[in-house]
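Order of appearance sets the numbers: ligands from 1, and atoms from 1 within every ligand.
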Amino acid sequence: MAQTLLKVSGLKVAYGGIQAVKGIDFEVREGELVSLIGSNGAGKTTTMKAITGTLPYGGGDIEFLGKSIKGRGAWDLVGEGLVMVPEGRGVFTRMTITENLQIGAYIRKDKAEIAKDMDRVFATFPRLKERAMQLAGTMSGGEQQMLAMGRALMARPKVLLLDEPSMGLSPIMVDKIFEVVKQVYDQGVTVLLVEQNASRALGLADRGYVMESGLITMSGDAKVMLSDPKVRAAYLGE
Ligand SMILES: Nc1ncnc2c1ncn2[C@@H]1O[C@H](COP(=O)(O)OP(=O)(O)O)[C@@H](O)[C@H]1O
Ligand SMILES: [Mg+2]
């Protein structure tokens, strides 16, 4: 079986007295696309922030490449290949597309390889290539999401975490973004996809987890989950 890259066990995260994540277990293996689905407020973003070292956790543990990430900084983890595209994208609006992509590779020193990756990102996202010198802030939401994904890929992720990439986009752009996620996965990148759009996210995934009020309430093979009447009734609006 493929190597486990990310292992979350008994994870608890609180904001002051409010327990947002109440003890969850899941894992992501090399080459997988895993979807973590759940409605607004379920604790998905909190989980992502704990995994990437941007929020400390109170209980349980997170292991990346077999080592606990406890107390390690976000920057350090990006360097090791744990890279997140945050909810709301977070592109640098007053910088050009090219500059945003270069920032993604900031931690690397292999100039020739960085140039190759830039070409690869432009091949995956032709839209970004056409607008290479344009300021990021002048692009549409969907284009900014592509830029945020391109920027993350420039860090050569071992695991790419995507927090609600389809949020707030038009139906056509939603299609485009899921297509691009599939393309990135087909290139061999391991992906943890967080989404409220359960049917689309499970449609792409190998395995899925459902999160509700800080707990994981269902998990399994994504295709099996998609055809499970319980899942369909609760999450796919049927
Ligand atoms: N900075 C914060 N301070 C206090 N509570 C928060 C904060 N961020 C999120 N929460 C709460 O934690 C819970 C989980 O939020 P979140 O992880 O953002 O959910 P999701 O990403 O699944 O929508 C919610 O009840 C939310 O109100
Ligand atoms: Mg969220």
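Residue contact annotation: G214 has no non-hydrogen atom under 4.0 Å from ligand 1. For the ligand labelled ligand 1, residue G38 lies outside the 4.0 Å heavy-atom shell.
For the residue pair T45 / E87, a side-chain donor-acceptor distance below 3.5 Å is found, with atom types taken as modelled. The closest side-chain donor-acceptor pair between Y209 and D25, if any, does not fall under 3.5 angstrom. R89 and Q145 share a side-chain donor-acceptor pair at under 3.5 Å. For the residue pair S166/E195, the side-chain donor-acceptor check at 3.5 Å is satisfied.
Of the protein's non-hydrogen atoms, G43 N, 3.2 Å is the one closest to atom 19 (O) of ligand 1. In terms of protein heavy atoms, atom 24 (C) of ligand 1 is closest to G41 O, 3.7 Å. Summary of contacts: the protein heavy atom closest to atom 18 (O) of ligand 1 is T45 CB, 3.7 Å. Distance from atom 10 (N) of ligand 1 to its nearest protein heavy atom, with residue and atom name: Y15 CE1, 3.4 Å.
At least one N or O atom of K44, backbone or side chain, sits closer than 3.5 Å to an N or O atom of ligand 1. Close N/O approach between I18 and ligand 1 is not found [any backbone or side-chain N/O within under 3.5 Å]. Of the polar atoms of A20, none of the N or O atoms is found under 3.5 Å from an N or O of ligand 1, judged by distance alone.
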Could you please spell out the steps behind the salt bridge (Lys or Arg N to Asp or Glu O under 4.0 Å) verdict for K111 and E113?
CA-CA 5 Å; K111 280 217 170 90; E113 289 297 306; over 6 Å; no
From CA spacing to verdict: side chain to side chain contact (heavy atoms under 4.5 Å, CB included), K116, D119:
CA-CA 5 Å; K116 271 194 223 161; D119 288 344; 5.5 Å; no
Mind running salt bridge (Lys or Arg N to Asp or Glu O under 4.0 Å) on E143 and R131 for me, showing each step along the way?
CA-CA 10 Å; E143 290 164 349; R131 292 164 171 70; 3.7 Å; yes
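With respect to the salt-bridge test (charged N to carboxylate O, under 4.0 angstrom), the residues D117 and R156 qualify. Looking at K49 and D163, no side-chain N of the basic residue comes within less than 4.0 Å of a carboxylate O on the acidic one, giving no salt bridge.
Interface atoms of ligand 1 facing S39, defined by a heavy-atom separation under 4.0 Å, are 22 (O). Below 4.0 Å from some heavy atom of A42 lie the following atoms of ligand 1, by number and element: 19 (O), 20 (P), 22 (O).
Listing protein N, O or S atoms at distances below 2.8 Å from the Mg ion (ligand 2), with waters left out, gives T45 OG1, E87 OE2.
Paired with Y57 under the rule side-chain contact (heavy atoms from CB on, under 4.5 Å), one option of V21, I69, V8 passes, and it is I69.
Of the listed residues (V21, N40, T46), the one carrying the non-hydrogen atom nearest atom 16 (P) of ligand 1 is T46.
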